Amino acid sequence: MSHRVLVVDDEPDITGLVAYHLARAGYRVSTASNGKDALKSAREERPDIVVLDLMLPGVSGYEVLQELRKRKETSEVGIILLTARREEVDRIKGLSLGADDYLTKPFSPQELTLRVAAVLRRLASPPVSSGSVLVEGPLTIDRSGHQVTVNGKEITLTATEYKLLEVLVERRGRVQTRSQLLESVWAAQPDIQTRTVDMHVQRLRSKLGAAAELIETVRAFGYRFRGGGDTTR
């Protein structure tokens with residue numbers, strides 16, 4: 001069964017263009033022209049990913065993003081922001097609220113389709129295998145169940161946050177530059193800025209609580225997960 005994509009934009013031309021190219025790529029596409037209808041469609045249709053404009057009438061795209069992340073049934077849906085807002089502050093705000101990716105208008109429909117595929121790959125659960133549980137201090141990552149707990153309490157991460165944490169833990173003790181993380185987690189998407197990595201690390205730390213200090217900032221280089229040997233079982 002193909003993945004379902006919800007396209008939210010108040011410009012019919014943009015909605016039609018995006019829907020056309022995604023449908024050609026084999027996705028099941030539904031659309032909404034405002035925030036209220038977007039939330040209703042997300043609740044009823046359970047899309048795998050949402051392509052979301054920020055400047056919507058009534059309920060803004062930021063508000064839709066926050067609500068999707070807040071609701072249990074949509075907290076893990078992939079979200080790509082598609083907007084005319086090009087300023088860094090808008091990109092940072094969107095990513096800090098939990099968006100997986102950010103693409104500005106005008107845009108390439110082919111690139112958007114590739115980005116949708118990349119986010120969906122990150123959403124896919126890793127295969128069940130031996131050594132699928134990673135443990136470090138209060139932190140446990142159950143890769144077979146796609147679950148993360150801190151001191152036994154489960155925390156909710158977006159697909160990108162989960163992938164970022166998994167990569168850092170797998171490479172514990174080694175400094176990961178922002179470029180390395182962009183390549184491993186974001187598939188080295190061409191116009192993503194290094195600030196994207198910083199904002200996702202910041203959001204990840206805020207969710208990890210007692211385990212946040214395990215992610216160290218290495219000044220002028222990147223990040224390192226502080227590990228204590230073999231933590232895989």
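Computed from a prediction, not measured in an experiment: that's the story for all the values here. Basis for what follows: all heavy atoms, side chains included, without hydrogens, waters or symmetry-related copies.
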Spell out, as yes or no, whether a donor-acceptor pair under 3.5 Å connects the side chain of [X] to the backbone of [Y].
{"X": "R115", "Y": "Y102", "answer": "yes"}
{"X": "R43", "Y": "R71", "answer": "no"}
{"X": "S41", "Y": "A38", "answer": "no"}
{"X": "K36", "Y": "V59", "answer": "no"}
{"X": "D53", "Y": "V8", "answer": "no"}
{"X": "R69", "Y": "G98", "answer": "yes"}
{"X": "R4", "Y": "R46", "answer": "no"}

I want to check something: taking the side chain as every heavy atom from C-beta on, are [X] and [Y] in contact at a cut-off of under 4.5 Å?
{"X": "L164", "Y": "L204", "result": "yes"}
{"X": "D198", "Y": "R178", "result": "yes"}
{"X": "Y27", "Y": "L120", "result": "yes"}
{"X": "Y223", "Y": "V167", "result": "no"}
{"X": "L6", "Y": "S30", "result": "yes"}
{"X": "E170", "Y": "R143", "result": "yes"}

Provide the closest heavy-atom pair for [X] versus [Y] in the form atom of the first, atom of the second, distance.
{"X": "L165", "Y": "V148", "result": "CD2-CG1, 3.9 Å"}
{"X": "K105", "Y": "L82", "result": "CE-O, 3.8 Å"}
{"X": "L68", "Y": "T74", "result": "O-OG1, 2.7 Å"}
{"X": "F225", "Y": "L168", "result": "CB-O, 3.2 Å"}
{"X": "A19", "Y": "V29", "result": "CB-CG1, 3.7 Å"}
{"X": "P138", "Y": "A211", "result": "CG-CB, 3.9 Å"}

Original post:
Are a donor atom and an acceptor atom from the side chains of R171 and S184 found within less than 3.5 Å of each other?
Top reply: yes

Original post:
Taking atom types as modelled and ignoring hydrogens, do the side chains of T217 and R205 form a donor-acceptor contact shorter than 3.5 angstrom?
Top reply: yes

Original post:
So, are D100 and R121 salt-bridged, with charged N and O less than 4.0 Å apart?
Top reply: no

Original post:
Below 4.0 angstrom, N of the basic side chain to O of the carboxylate: do R28 and E45 qualify?
Top reply: no

Original post:
Between L114 and Q110, does a side chain to side chain contact (heavy atoms under 4.5 Å, CB included) hold up when you go through it step by step?
Top reply: CA-CA 6 Å; L114 290 174; Q110 291 80 11; 5.6 Å; no

Rounded distance (nearest 0.5 Å) linking atom [atom1] of [X] with atom [atom2] of [Y]:
{"X": "K207", "Y": "T158", "atom1": "NZ", "atom2": "OG1", "answer": "5.5 Å"}
{"X": "L214", "Y": "R172", "atom1": "CG", "atom2": "CZ", "answer": "11.5 Å"}
{"X": "T160", "Y": "R203", "atom1": "OG1", "atom2": "CZ", "answer": "11.0 Å"}
{"X": "Q147", "Y": "E154", "atom1": "CD", "atom2": "CD", "answer": "4.5 Å"}
{"X": "T83", "Y": "F107", "atom1": "OG1", "atom2": "CZ", "answer": "11.0 Å"}
{"X": "K40", "Y": "N34", "atom1": "NZ", "atom2": "CG", "answer": "11.0 Å"}

**OP:** Just jot down the side chain to side chain contact (heavy atoms under 4.5 Å, CB included) partners of T15, sequence neighbours excluded, or say none.
**Re:** V7, D9, T31

Original post:
Are L139 and V169 close enough, and set up right, to give a side chain to side chain contact (heavy atoms under 4.5 Å, CB included), and what steps lead you there?
Top reply: CA-CA 10 Å; L139 176 69; V169 175; 4.2 Å; yes

Original post:
Name the one of L22, D101, V18 that satisfies side-chain contact (heavy atoms from CB on, under 4.5 Å) with V116?
Top reply: L22

**OP:** Apply the test side chain to side chain contact (heavy atoms under 4.5 Å, CB included) to residues T140 and V133: give CA-CA distance (whole Å), side-chain angles for both, the deciding distance (0.1 Å), then the verdict.
**Re:** CA-CA 7 Å; T140 300; V133 177; 3.7 Å; yes

Original post:
Other hydrophobic cluster members with M55, side-chain heavy atoms of Ile/Leu/Val/Met/Phe/Trp/Tyr under 4.5 Å, chained?
Top reply: none

Original post:
Where do L112 and H21 land on the side chain to side chain contact (heavy atoms under 4.5 Å, CB included) test, with the steps shown first?
Top reply: CA-CA 9 Å; L112 174 61; H21 283 274; over 6 Å; no

Original post:
Should we count CD of E76 as having more than 12 external heavy atoms under 6.0 Å?
Top reply: no

